[in-house]
Amino acid sequence: MLEGVEKETLEKWAKECKEKYHKLFIQTLQKPLLGEIGTNGQMIKELKDLNMSYFEEMSDYTDDFVSDLDGGFIEHFEKAEENGINVIQEAKECLFTLKAVDDMLNAKHWVNEDGHICDEEGNRLSEDREHRVFEVIKGGKHDD
């Protein structure tokens with residue numbers, strides 16, 4: 001960690017570092033779609049190198065535990081390599097997953113006084129934020 005720098009400044013730099021590496025991570029996942037990475041092995045190496053650079057830079061700003069940048073995606077590419085899945089297909093799936101999570105985290109939502117997710121009128125919603133908790137959802141299994 002850098003000596004003689006105020007804690008608030010270090011926290012700001014750590015946040016900026018996370019944002020920078022998150023963008024680099026997304027750009028790396030896009031490389032197979034652009035023809036810059038052709039195999040799962042190349043993707044694994046790129047992600048591991050990026051992760052190491054991230055750890056090294058973050059160690060300048062914090063002594064706290066820093067979790068992996070990739071969130072387990074390296075394992076997905078390792079399994080894809082074992083199973084013969086094309087790197088482009090795997091990259092698309094990873095990008096789709098990240099977009100879905102980002103959409104969910106940035107979705108407009110409300111919380112009632114009990115801390116449960118609800119709609120703008122205060123009606124409690126299920127975890128998918130689509131249905132009310134006690135709503136009957138049509139389309140269930142029929143015994144014909």
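In what follows, residues are counted from 1 in the order of the sequence shown. The shown structure was predicted, so the numbers you read here are calculated from the model rather than taken from an experiment.
- Nearest approach of Thr39 to Ile37, heavy atoms of both residues: O-CG2, 3.4 Å.
- At a threshold of 4.5 Å between non-hydrogen side-chain atoms, the residues Val87 and Asn40 count as touching.
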Check step by step if side chain to side chain contact (heavy atoms under 4.5 Å, CB included) holds for Met43 and Thr28. CA-CA 8 Å; Met43 176 60 88; Thr28 301; 3.9 Å; yes
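- Shown here are the side chain to side chain donor-acceptor pair (under 3.5 Å) partners of Glu90, two or more places apart in sequence or in another chain: there are none.
- The salt bridge (charged side-chain N to carboxylate O under 4.0 Å, His left out) search around Glu16 returns Lys12, not counting sequence neighbours.
- Within the model, atoms CD1 of Ile74 and SG of Cys94 stand 10.5 Å from one another, a figure rounded to the nearest 0.5 Å.
- Rounding to the nearest 0.5 Å gives a distance of 10.0 Å between CZ of Phe55 and OG of Ser59.
- Sequence neighbours left out, the pairs with a member in residues 32-51 that pass salt bridge (Lys or Arg N to Asp or Glu O under 4.0 Å) are Lys31-Glu46, Lys45-Asp49, Lys48-Glu78.
- Across all non-hydrogen atoms, the minimal contact from Met58 to Ala14 is SD-O, 3.7 Å.
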Side chain to side chain contact (heavy atoms under 4.5 Å, CB included) assessment of Lys15 paired with Glu11: CA-CA 6 Å; Lys15 182 181 177 197; Glu11 288 171 356; over 6 Å; no
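- Residues passing the side chain to side chain donor-acceptor pair (under 3.5 Å) test with Lys18: none are found, sequence neighbours excluded.
- In terms of modelled atom types and a separation under 3.5 Å, the side chain of Glu75 and the main chain of Gly72 share no donor-acceptor contact.
- Between the Asn83 side chain and the Ile85 main chain, no donor and acceptor come within less than 3.5 Å of each other.
- Remark: Tyr21 engages Glu57 in a side chain to side chain donor-acceptor pair (under 3.5 Å) (not counting sequence neighbours).
- Within the 4.5 Å cutoff, the side chain of Leu29 has heavy atoms near those of the Phe77 side chain.
- With sequence neighbours left out, Phe73 forms a ring pair (Phe, Tyr, Trp, His ring centres under 6.0 Å) with Phe25, His76.
- Considering every non-hydrogen atom in both Ile26 and Leu98, the closest pair reads CD1-CD1, 3.5 Å.
- Applying the 6.0 Å contact sphere to CD of Glu6 captures no more than 12 heavy atoms from other residues, nucleotides or ligands.
- Rounding to the nearest 0.5 Å gives a distance of 7.0 Å between CD of Gln27 and CD of Gln30.
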